[in-house]
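Here the structure comes first, spelled out in structure tokens, and everything after it is commentary.
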Amino acid sequence: MSEARNVGILIIGGGPAGLSAAVSAYEAGARDILILEREETLGGILKQCIHSGFGLHRFGEELTGPEYAHRYIQKVLEYKIPYLLNTMVTGLAADKTVTAVNSEDGIFEIKAKAVILAMGCRERSRGALNIPGTRPAGIYTAGTAQKYVNLMGYMPGKEVVILGSGDIGLIMARRMTLEGAKVKLCCDILPVPGGLPRNIEQCLNDFGIPLRLSCTVSEIHGRDRITGVTLVSVDENRKPIPGSEEYVSCDTLLLSCGLIPENELSRGAGIEIDPKTSGPVTDENLQTSIEGVFACGNVHHVHGLVDDVSIQADIAGKAAAQYVGA
Amino acid sequence: MFDAVIIGAGVCGALIARTLTEYGQKVCILEKAGDVAMGTTKANSAIVHAGFDAKPGTLKAKLNVKGSEMMEGFCRSLGVKYSPIGALVVGFNDGDRRTLETLLARGVENGVKELRILEGEELKEIEPNLGEQVCCALYAPSSAIVCPYELCIAAAGNAMDNGAELRLNFMVKTIEKDGEGFVVSDGNESVRGHVVINCAGVHSAEIAGLVGDNSFTITPRKGEYMLLDKECGSLVSHTVFRCPSAMGKGILVSPTVDGNLLLGPTAVNIEDMEDFSVSAEGIAAVRESAAQQVKGIAFNKVIASFAGLRSVGSTGDFILNEPVKGFINVAAIESPGLSSAPAIAEYVREMLAADGVKLEKRADFVSERRSVHYYKTLSTEEKNALIAEHPEYGHIICRCETVSEGEILEALRRNPRPTDVDGVKRRTRATMGRCQGGFCTPYIVELLAKELGSDCTEVTKFGGDSHIIIEKTKVTE
């Protein structure tokens with residue numbers, strides 16, 4: 001491996017948090033910045049969020065996800081902030097040496113003065129939810145289904161049950177309906193919906209999709225492809241109420257049951273993690289337990305709105321710029 | 001005309017195919033599923049047992065001890081992960097302690113080396129996270145862990161590289177005696193062989209019935225498991241069993257060769273040979289037992305729950321016989337079947353030799369097979385040289401398990417070629433990590449479609465109707 005190259009501020013992740021942090025670091029005077037992004041374009045999960053509702057707080061207007069990302073990407077291009085795409089960070093050391101890999105440069109190291117963690121989060125999977133039953137095809141996290149439909153142009157199924165009333169699930173209820181699927185219902189084990197009230201209204205109520213609260217999937221049926229689920233009502237302790245079981249046929253189960261900050265790199269570096277948020281413990285400047293390593297966006301804690309991610313990332317970007325003496 | 005037709009591409013079928021190919025036999029493996037390793041082989045405890053459980057004098061006892069001695073060498077030449085971590089059978093009271101002493105005596109009689117009973121500080125020292133109520137343990141240093149489906153894939157692949165044939169999606173319906181041999185048919189196609197070897201797992205009694213052998217039955221015994229994030233893999237450094245019962249070796253807590261933590265299995269006899277479902281009760285039972293054996297298990301770090309079926313025979317022992325001349329049963333291979341598999345392959349070879357089949361070791365047999373995880377073992381310099389030549393190795397597809405496009409393409413182009421997403425998973429570990437394929441499945445679907453020359457809508461999770469996507473959203477032509 002060739003000698004590690006040096007960078008002032010290294011940003012891990014080119015989604016909304018990374019982009020916003022890069023722009024704010026630049027605007028605070030930093031010039032030696034590098035963004036590492038694992039996917040083929042900048043923008044992160046916003047790329048597949050083709051619905052509107054982004055930017056009301058940040059820009060005072062309603063944008064789609066790609067438009068919102070575009071605002072920041074334009075700034076990155078305008079400021080000529082360097083970025084590497086298709087580049088996966090595989091290691092972060094406590095001395096802020098980052099190991100990454102891509103097809104062009106192979107495996108390489110970068111020694112950074114400051115690192116901004118902006119890796120985002122992942123969705124809770126069927127395995128993590130421990131739903132009993134068979135293990136057929138046709139079970140997707142809502143975000144994966146969103147990728148199939150919005151980015152790849154494929155329908156994962158036609159008769160849909162959604163478990164969990166998180167925003168991505170609600171958005172996908174509407175999206176699948178518009179693409180011709182029958183969304184039978186959305187259920188949530190909690191007595192209150194997880195997503196924003198506007199999404200309940202616009203994505204479920206407007207399409208006549210029932211929302212069943214205090215209700216969960218107790219069993220998955222089907223050998224090859226899912227053929228149905230058993231729904232069960234739960235009491236105030238989230239325990240199934242015997243006799244309340246109901247079979248609902250479907251060919252698709254979408255899961256929108258929570259997001260988990262992706263802190264494997266942070267843990268590898270020995271950064272202290274807050275068990276409540278599953279994100280790094282940070283000070284008011286979003287500096288983690290390692291000096292010069294900052295965290296923002298959904299890797300820090302799961303945010304409801306991308307506007308809030310940007311606002312938080314601004315702080316991290318600015319603090320990192322100050323840290324490197326820009 | 002094949003020399004040998006093997007029914008079932010599980011670990012026994014694959015290892016027998018490899019051994020017979022090595023001895024100059026023209027072998028054809030028939031498998032009803034769309035990939036090898038799809039039955040008992042893909043979901044079990046992945047333990048190479050030391051051999052103290054089986055009753056002395058049984059085939060189980062004999063082949064377990066011999067098989068586990070052979071296993072490391074097999075794994076080395078086939079490039080399969082194997083880790084001799086040792087096992088502890090933990091006891092909670094005086095009754096358990098007596099059971100452990102019985103096991104110890106039995107192990108000694110079976111020829112298991114270095115067994116001893118540990119207590120107190122010594123026990124705590126070698127395994128600090130044992131449950132508070134654990135008071136003693138039988139220590140078996142020769143116990144090991146292995147990846148069973150990797151072993152099966154590697155053995156089948158190696159046999160194929162040396163000339164064996166594999167027919168997937170071939171569900172045997174009839175076996176007819178035909179002059180010197182047999183005609184094995186799925187109703188459409190047929191394969192002829194001098195010898196037929198029945199390695200059909202939970203279906204082996206049905207297959208034996210096709211030649212009129214109704215001397216045994218098979219009961220599928222379901223075992224449910226939970227697999228935890230790699231973060232938890234170092235909680236214990238040995239396989240931690242509890243005292244065995246009539247239904248099996250009980251629930252274990254063990255690291256896997258890939259660094260996860262495995263909990264399970266339950267043991268429930270069922271009727272349906274294809275029922276791999278998990279239940280709330282099963283998972284609760286696994287939790288309860290595991291938590292008594294080992295403290296500090298982070299149950300919120302479960303990444304997958306699954307079930308496997310043991311192939312429990314009516315005779316109490318492995319069934320290795322020849323009810324009709326030229327038709328060999330390799331049936332009722334329940335635990336310690338995986339441990340015994342290398343010795344079972346040898347045993348079958350000896351049976352054929354005794355029948356007068358000419359078996360000579362081939363000089364041109366290539367016994368080595370490069371690990372599917374070869375890339376991971378390279379130095380950074382070697383990886384970079386490979387990436388420079390084949391840039392796909394620098395393109396990470398599965399972020400949780402750090403699997404590159406190059407590794408996936410390599411798996412797609414090697415024997416036995418995977419044809420679905422789970423086939424790619426078992427070969428490369430892509431989709432097997434903490435996000436369970438949430439991020440990488442779409443890429444793998446595209447790679448599979450391209451490699452198979454099909455459309456993404458035709459790609460399945462595990463064959464049959466397990467399609468991942470149904471249709472295109474909008475036709476824009």
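These numbers come from a predicted model, not from an experiment. Proteins come first, then strands; the chains are lettered A, B, ... in the order of their sequence lines, and each starts at number 1.
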NZ/NE/NH1/NH2 to OD/OE distance under 4.0 Å, [X] and [Y]:
X: A:Arg223; Y: B:Asp272; answer: yes
X: B:Glu231; Y: A:Arg267; answer: yes
X: A:Glu264; Y: B:Arg434; answer: yes

If we define contacts as heavy-atom pairs under 4.5 Å, which of [options] has the most with chain B?
options: A:Gly180, A:Pro156, A:Gly138, A:Ser125; value: A:Pro156
options: A:Asn102, A:Asp251, A:Thr134, A:Ile139; value: A:Asn102
options: A:Met88, A:Glu104, A:Arg126, A:Arg122; value: A:Arg122
options: A:Thr141, A:Thr87, A:Asn130, A:Ile260; value: A:Asn130

Take atom CD in A:Glu40; do more than 12 heavy atoms of anything else shown fall under 6.0 Å from it? yes
Does atom OH (A:Tyr83) have a neighbourhood of more than 12 heavy atoms from anything else shown, all under 6.0 Å? no
Short question: side chain of [X], backbone of [Y] - any donor-acceptor pair under 3.5 Å?
X: A:Arg225; Y: B:His467; result: yes
X: B:Asn384; Y: A:Gly106; result: no
X: B:Ser466; Y: A:Asp224; result: no
X: A:Tyr140; Y: B:Ile468; result: yes

Checking [X] against chain B: side chain, backbone, both or neither under 4.5 Å from a heavy atom?
X: A:Tyr148; result: side chain
X: A:Glu262; result: side chain
X: A:Ile131; result: backbone

Under 4.5 Å heavy-atom distance to chain A, tell me which part of [X] shows up: side chain, backbone, both or neither.
X: B:Lys230; value: neither
X: B:Ile396; value: side chain
X: B:Ser379; value: neither
X: B:Val421; value: neither

So which heavy atom on [X] is nearest to which on [Y], and how close?
X: A:Arg135; Y: B:Phe462; value: O-CE2, 3.6 Å
X: A:Gly157; Y: B:Ile470; value: CA-CG1, 3.4 Å
X: B:Arg399; Y: A:Arg38; value: NH1-NH2, 2.7 Å
X: A:Pro136; Y: B:Lys461; value: O-CE, 4.1 Å

Between B:Met226, B:Glu274, B:Gln436, who has the most heavy-atom pairs with chain A when the cutoff is under 4.5 Å? B:Glu274
When B:Gly394, B:Ser404, B:Ala307 are compared by non-hydrogen pairs under 4.5 Å with chain A, the top option: B:Gly394
Would you indicate whether the side-chain heavy atoms of [Y] and [X] approach each other to under 4.5 Å?
X: A:Val101; Y: B:Ile387; answer: yes
X: A:Asn86; Y: B:His395; answer: yes
X: B:Glu471; Y: A:Tyr154; answer: no
X: A:Phe108; Y: B:Thr380; answer: no
X: A:Met152; Y: B:Pro442; answer: yes

Identify each donor-acceptor pair in which a side-chain atom of residues 275-284 of chain B lies under 3.5 Å from a protein atom, sequence neighbours left out, and give them as a table.
from     : atom 1 : to       : atom 2 : distance (Å)
B:Asp275 : OD1    : B:Lys222 : NZ     : 3.3
B:Asp275 : OD1    : B:Ser277 : N      : 3.0
B:Asp275 : OD1    : B:Ser277 : OG     : 2.7
B:Asp275 : OD2    : B:Lys222 : NZ     : 3.3
B:Ser277 : OG     : B:Lys222 : NZ     : 3.1
B:Ser279 : OG     : B:Glu224 : OE1    : 3.4
B:Ser279 : OG     : B:Glu224 : OE2    : 2.8
B:Ser279 : OG     : B:Gly282 : N      : 2.9

